[in-house]
Amino acid sequence: MAKKMKNDNPRGSTELRGTLARAVRLLEYLRKNTDKDHPISQTALLRAGGDDHIFGAKKTLAKNLVVLANALNTDEYNGLKPEEDWRLSFRGFDDHYANGNCDSDDDSDDAMISDVTGIYFNHIFSEDELTAIINALNTSKAVSKAKAKVIIEKVLKNLAREEYKKNYEKQAYELDFSEPTDSLPGADEAQLAENIAFIQKAISGRLRIKYVYNSIYSSQKGELKPNGNIVRSVSPHYIVCDNGRLFMYGGYDNGTPCVHRVDLMTELGISGKGNSTIRSLDKNSIGLEERNEAFRALHLSASYKKDWITITFKWSCRDEKTDKFICTALYGAFGNAFKIDENGLVTVRASRFGMKIFALQYADYVKVESPSDLVEDIAGSVRGLRDKYL
């Protein structure tokens, strides 16, 4: 059992605890609410301290900020750290130590105390760097989804402003771990990362974006060229990964949903009229509901027409030894949104177009039963294939 230390100066100890508590609370508040682009004034800090003055009165607050800045931005042996390694900044401190000035005395501290404005905590990582770290965790094949989620929560809790954390949660960035099925060209890694960060900021700010969408034309390098020379204006809502490639889900002004590969987008910008930006449409107005198990089935094969219907089909892929149905492809296409009975009859709500593609892709195992017009549509495609190949 640990010994209790004798308290020879209970009053002094209480005062010390009060000073340390204020310093810790102050630093934690600045870490959670400020950065270089989002400084805070001394008045706002005092207001944040409330009627309890948890950061101290004005003079105490200014003194504590100077002490904290001196402690965090210098080390015992080498003096002032490089500016990029400063953790706490405000105008008085920055001005005093500009150009490598290392002098600090009572007079200089008094001068800094009188000029405590533009206060911010200098985070180790910028918000763009945090986004890159989180995206890397989401796409890593070396980290499970569950582990990546835990690490991301720690990153957001300990390395980011609260506002960034809220914005990240709005971005709804969701990925799977499927491998790419091809090696088609697109934007390089740097451009792809830049596109992702730009789209995520637009999602957080509910801003409409504009961009040129490209197709890949035949050449040795798979040259990218604009698809129709059209600058598109879209409300972005999600970035997802499907089959190893990143896509943006969004909607056009007329309410039609769209899906575009992020690495085929160029010349990204914020849509605006005159000097004002344009707010994005709400995702529910264009059929992009909050995602759940049924979402992928509704948008099967990247189909974004509102042609969702209830479909039944017979599934005949079985294990020869056990005679049990092998449902790998079903889960891959529909997630957990389908039901299959003991006879292999599958029921799912999905896109009409997407189901047609799925039925043709797995023609050896699928026979669509209903609705009848979808059956006729697939039959027509089969007849067309027969005429083409036979």
Side-chain angles (χ1 to χ4, degrees), residues 16-76 78-98 104 109 112-113 115-138 148-171 173 197 200-201 204-205:
L16 179 60
R17 287 199 300 272
T19 301
L20 287 173
R22 280 199 183 108
V24 170
R25 288 170 182 161
L26 177 58
L27 194 60
E28 186 66 2
Y29 182 87
L30 292 172
R31 184 187 70 78
K32 287 183 175 181
N33 296 281
T34 67
D35 62 16
K36 189 172 184 178
D37 296 322
H38 304 88
I40 193 171
S41 68
Q42 192 174 174
T43 301
L45 263 178
L46 289 168
R47 194 182 301 121
D51 295 335
D52 295 332
H53 304 292
I54 61 172
F55 302 142
K58 185 174 182 180
K59 190 171 183 179
T60 301
L61 172 60
K63 284 183 176 180
N64 283 342
L65 284 166
V66 170
V67 171
L68 277 171
N70 279 322
L72 291 168
N73 302 338
T74 62
D75 62 46
E76 184 177 354
N78 299 314
L80 188 68
K81 295 177 181 178
E83 190 170 342
E84 62 268 20
D85 294 329
W86 292 359
R87 295 277 72 85
L88 180 62
S89 287
F90 53 87
R91 193 168 74 178
F93 186 91
D94 296 352
D95 289 348
H96 176 72
Y97 286 106
S104 180
D109 282 359
M112 285 189 279
I113 287 170
D115 194 12
V116 180
T117 56
I119 309 155
Y120 66 90
F121 184 86
N122 189 26
H123 291 264
I124 296 172
F125 297 105
S126 70
E127 294 191 351
D128 284 345
E129 288 170 338
L130 284 177
T131 299
I133 290 169
I134 291 170
N135 290 346
L137 285 166
N138 271 322
K149 183 178 180 181
V150 170
I151 296 173
I152 289 169
E153 287 175 354
K154 289 181 178 179
V155 167
L156 292 173
K157 181 179 179 181
N158 295 290
L159 299 176
R161 290 187 310 127
E162 287 292 313
E163 192 62 28
Y164 176 87
K165 181 179 178 182
K166 292 176 185 176
N167 286 340
Y168 171 77
E169 290 166 352
K170 291 178 187 176
Q171 290 165 2
Y173 192 90
Q200 286 179 315
K201 285 181 179 178
S204 297

Sorted by chain and residue number, the ring pair (Phe, Tyr, Trp, His ring centres under 6.0 Å) partners of F90 (sequence neighbours excluded) come out as none
Check step by step if side-chain contact (heavy atoms from CB on, under 4.5 Å) holds for L68 and L30.
CA-CA 12 Å; L68 277 171; L30 292 172; 5.9 Å; no
Interatomic spacing from [atom1] in [X] to [atom2] in [Y] - rounded to 0.5 Å:
{"X": "L20", "Y": "R22", "atom1": "CG", "atom2": "CZ", "result": "11.0 Å"}
{"X": "S89", "Y": "N73", "atom1": "OG", "atom2": "CG", "result": "6.0 Å"}
{"X": "N122", "Y": "T34", "atom1": "CG", "atom2": "OG1", "result": "9.0 Å"}
{"X": "D95", "Y": "M112", "atom1": "CG", "atom2": "CE", "result": "10.5 Å"}
{"X": "Q42", "Y": "T117", "atom1": "CD", "atom2": "OG1", "result": "9.0 Å"}
{"X": "E129", "Y": "I133", "atom1": "CD", "atom2": "CD1", "result": "7.0 Å"}

Ignoring hydrogens and geometry beyond distance, is a side-chain donor-acceptor pair present between Y164 and T131 at under 3.5 Å?
yes
May I ask you to test the [X]-[Y] pair for a side-chain heavy-atom distance under 4.5 Å?
{"X": "Y29", "Y": "L45", "result": "yes"}
{"X": "L72", "Y": "L27", "result": "yes"}
{"X": "F93", "Y": "L65", "result": "no"}
{"X": "L88", "Y": "I119", "result": "yes"}

Does a salt bridge link K201 with E127, judged by any charged N lying under 4.0 Å from a carboxylate O?
no
side-chain contact (heavy atoms from CB on, under 4.5 Å) evaluation trace for H38 with Y120:
CA-CA 7 Å; H38 304 88; Y120 66 90; over 6 Å; no
Looking only at non-hydrogen atoms, find the nearest pair between [X] and [Y] and report the distance.
{"X": "L46", "Y": "A57", "answer": "CD2-C, 3.9 Å"}
{"X": "I113", "Y": "K63", "answer": "CD1-CG, 3.6 Å"}
{"X": "G118", "Y": "P39", "answer": "C-CB, 3.8 Å"}

Under 30°, 30 to 60°, or over 60°: which ring-plane class applies to F121 and H123, parallel, tilted or perpendicular?
perpendicular
Taking only residues two or more places apart in sequence or in another chain, which ones pass salt bridge (charged side-chain N to carboxylate O under 4.0 Å, His left out) with E28?
R31, K32
With salt bridge (Lys or Arg N to Asp or Glu O under 4.0 Å) as the rule and sequence neighbours excluded, what pairs involving residues 80-93 come up?
R91-D115
